[in-house]
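Reading through the structure tokens given below for one structure.
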There are 2 protein chains.
Amino acid sequence: MPFCLYFDSNMVDRAKKKIDNIEHKGFIPNVSYDSVIFGFNGKQLKILILEYYNTGLFALPGGFVKRNESLDAAAERGVRERTGLDQIYLEQFYTFGSLTRSDPQAMERILEGNGMDRQAHQWMLDRFLSVSYYALINYDEVTPKPDELSDNINWYPIDELPPLMMDHNQIVNKALEVLRDNFEKKLIGMNLLPSKFTMKQLQMVYETILGKKLRRTSFQRRILGMDILERQEKLYQGKAHKAPYLYSFKS
Amino acid sequence: MPFCLYFDSNMVDRAKKKIDNIEHKGFIPNVSYDSVIFGFNGKQLKILILEYYNTGLFALPGGFVKRNESLDAAAERGVRERTGLDQIYLEQFYTFGSLTRSDPQAMERILEGNGMDRQAHQWMLDRFLSVSYYALINYDEVTPKPDELSDNINWYPIDELPPLMMDHNQIVNKALEVLRDNFEKKLIGMNLLPSKFTMKQLQMVYETILGKKLRRTSFQRRILGMDILERQEKLYQGKAHKAPYLYSFKS
DNA sequence: CTTTATTGTAATAATTTGAGACAATAGTAT
DNA sequence: ATACTATTGTCTCAAATTATTACAATAAAG
């Protein structure tokens, strides 16, 4: 079959645009984002994991960056679509770009499992760099929604994750590392709790994320000393002991 | 001029490869890296800045990621090419992806200034995400080398930077922020010094990066208490006072 | 009205950090 | 030779911070 071996730059432009339309659907090629969405159910730290149709493959929620969309906006859009929440605490933490991270075979299985045309989505089989974000959300406010390619989306405790596709387990580990590093420095614990919470709940969050027991009195004194909490009404839990105060974060 | 409006996927593949060769020269499109290369001359913290031929434009050293090269390897290659050094302390710190960061006009000036064909390098005028790294190197061991597009490469004190193109000033600011956050936590000060150094030199590094004076005695006690230094021979500087010990980092 | 588990805060002990003090030098000046 | 000067390494004691214990104040149950 004859094919033009030389074409002028005008033709190149047009061909490129054409191929972009066919192949990338207006997305930036070779770049994706993945998000590690953390929630806290009162006892355990959990993250949202997708399961793709008919494949048994588990993955982090993620997606692609539109040509006319900022990177942050793409990640925000993704988390909003999965959780239904606006105004999410979201932080970029690393960009993964090893040569071995992409897995075209797994991607093919996902396309097949969804009955999608392999050729029309060939660009998805290419190498991708993943810009990774973590989000902290209020577990109780969320009804997770699967994406177009997936069956299922569920909370998994971070120490009971299934094997994830590609390097997603590694991404989760890095997210945890960075979260722990940033947790005290940036005072972001509130994002995992409802707007009003007890000191005990806050302490549980800290203990779970830092992975160690904290002394109740020191914790209370330290947090109150930071002058970031506002004391609200008492919470009567119907338990036979002193009722705790509720607190909310200032500003 | 007639142009094929529909082509089968095989043709798409071949066309894409062809266009990649013409346009991206084997690089991943829409992704670049930039590096903030820090050095310490004994008094000031400096970074390496490029000046492009005939444009008056200043920029961070950077480049593109080859299709068969990991992201980290690309950044390492870049820093190695600019500094001549192997085994560099290099850390990825953020990926910049706003819609406004790319500046095709500036890019055109650079291509023109270098007498390069605008059409053949049109891909460079597209939108780019920049994965940014910072490097800490031993100032005295380096003879910086300009890249293919630039005239000049020079050390600039971080508080006397010229206006840089695109969002590069913002990238430097973020690098400084992250460097300061990581500095004590990761004990990376040694990378800015020769392998043997005095306590005073190390203190100067800490003071410069943290931006505050430290108490000599407390600093010495704290650092020695960390048990990360090995004491070496004394350094006779020909000065009329007690000679300091040299230290090196353990392991 | 006593008991129980938990909460809020104060008091005290332990540890870390700050700020001087001081002896030991390596060269210079006398 | 001897005294002088600036700097270094280390020690001591004070100040501040953090850990641990103690204890009174509940809210509901028995």
Side-chain angles (χ1 to χ4, degrees), chain A residues 40 42-43 180-181 183-187 189-190 193-250, chain B residues 40 42-43 180-181 183-187 189-190 193-250:
Chain A
F40 182 69
K43 301 243 160 130
R180 284 178 179 138
D181 273 1
F183 198 69
E184 302 220 51
K185 200 166 56 195
K186 301 194 176 175
L187 301 174
M190 69 287 246
L193 289 172
S195 60
K196 292 181 185 180
F197 48 86
T198 65
M199 194 57 74
K200 177 145 200 145
Q201 285 179 293
L202 187 61
Q203 187 178 342
M204 287 291 289
V205 170
Y206 272 73
E207 288 182 343
T208 305
I209 287 178
L210 301 178
K212 61 181 177 192
K213 286 278 165 199
L214 300 173
R215 218 153 273 279
R216 183 181 64 90
T217 54
S218 303
F219 179 78
Q220 185 138 343
R221 182 165 40 84
R222 186 160 65 87
I223 297 285
L224 290 178
M226 286 173 186
D227 199 39
I228 52 173
L229 293 188
E230 232 154 347
R231 181 175 283 183
Q232 307 290 335
E233 72 278 9
K234 284 190 170 191
L235 172 66
Y236 297 92
Q237 295 165 300
K239 299 280 179 60
H241 50 69
K242 188 171 180 177
Y245 286 100
L246 287 169
Y247 295 89
S248 64
F249 274 86
K250 279 187 180 172
Chain B
F40 182 70
K43 301 241 160 131
R180 285 179 179 137
D181 273 0
F183 198 69
E184 301 220 51
K185 199 166 59 195
K186 300 194 175 173
L187 301 175
M190 69 287 246
L193 290 172
S195 61
K196 291 179 185 180
F197 49 86
T198 66
M199 193 58 73
K200 176 144 200 145
Q201 286 179 293
L202 187 61
Q203 187 179 340
M204 288 290 290
V205 169
Y206 272 72
E207 288 182 342
T208 304
I209 288 179
L210 301 179
K212 61 181 177 192
K213 287 278 165 198
L214 300 174
R215 223 151 275 279
R216 184 180 65 90
T217 55
S218 304
F219 179 77
Q220 186 138 342
R221 184 180 39 189
R222 186 160 65 88
I223 296 286
L224 291 177
M226 287 175 185
D227 200 38
I228 52 173
L229 294 187
E230 233 153 348
R231 180 175 282 184
Q232 307 290 335
E233 72 278 9
K234 284 190 168 189
L235 171 66
Y236 297 92
Q237 295 166 299
K239 297 281 179 60
H241 50 70
K242 188 170 180 178
Y245 286 101
L246 287 169
Y247 295 88
S248 64
F249 274 85
K250 280 187 181 174

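Lettering follows sequence order; numbering is per chain, from 1.
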Query raised in the report: If only side-chain N and O atoms of A:Arg231 are considered, is one of them under 4.0 Å from the OP1 or OP2 phosphate oxygen of C:dT9?
Result: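 Checking A:Arg231 against C:dT9: at least one side-chain N or O falls below 4.0 Å of OP1 or OP2.
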
Requested in this report: Determine: side-chain N/O of B:Arg215 to OP1/OP2 of C:dA19, distance under 4.0 Å, yes or no.
Outcome: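 True: B:Arg215 side-chain N/O within range (under 4.0 Å) of C:dA19 OP1/OP2.
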
Query raised in the report: Starting at the 5' end of DNA chain C, which residue's closest nucleotide do you reach first, A:His241 or A:Thr217?
Result: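 Closest to the 5' end, via its nearest nucleotide, is A:His241.
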
What is the distance from [atom1] of [X] to [atom2] of [N], rounded to the nearest Å?
X	N	atom1	atom2	value
A:Gln220	D:dC23	CD	P	19 Å
A:Met199	C:dT9	CE	C1'	12 Å
B:Arg222	D:dC11	CZ	P	19 Å
A:Gln201	C:dT7	CD	C1'	14 Å
B:Lys234	C:dA24	NZ	P	12 Å
A:Lys239	C:dA5	NZ	P	13 Å
B:Arg216	D:dT7	CZ	C1'	7 Å

Query raised in the report: Nearest nucleotide by nearest heavy atom, which residue falls closer to the 5' end of DNA chain D, A:Ser218 or B:Tyr245?
Result: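 It is B:Tyr245 whose nearest nucleotide is closer to the 5' end.
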
Query raised in the report: Want to settle it: does A:Gln237 or B:Leu224 sit nearer the 5' end of DNA chain D, counting the closest nucleotide to each?
Result: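 It is B:Leu224, whose closest nucleotide lies nearer the 5' terminus.
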
**Report entry** N/O donor-acceptor pair under 3.5 Å between B:Glu230 side chain and B:Ser248 backbone
**Finding:**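 Checking the backbone N and O of B:Ser248 against the side chain of B:Glu230, no donor-acceptor pair under 3.5 Å is found.
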
Requested in this report: Taking the side chain as every heavy atom from C-beta outward, state whether B:Thr198 and B:Tyr245 have any pair of such atoms under 4.5 Å apart.
Outcome: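 They are not in contact (no side-chain heavy atoms under 4.5 Å apart), so the answer is no.
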
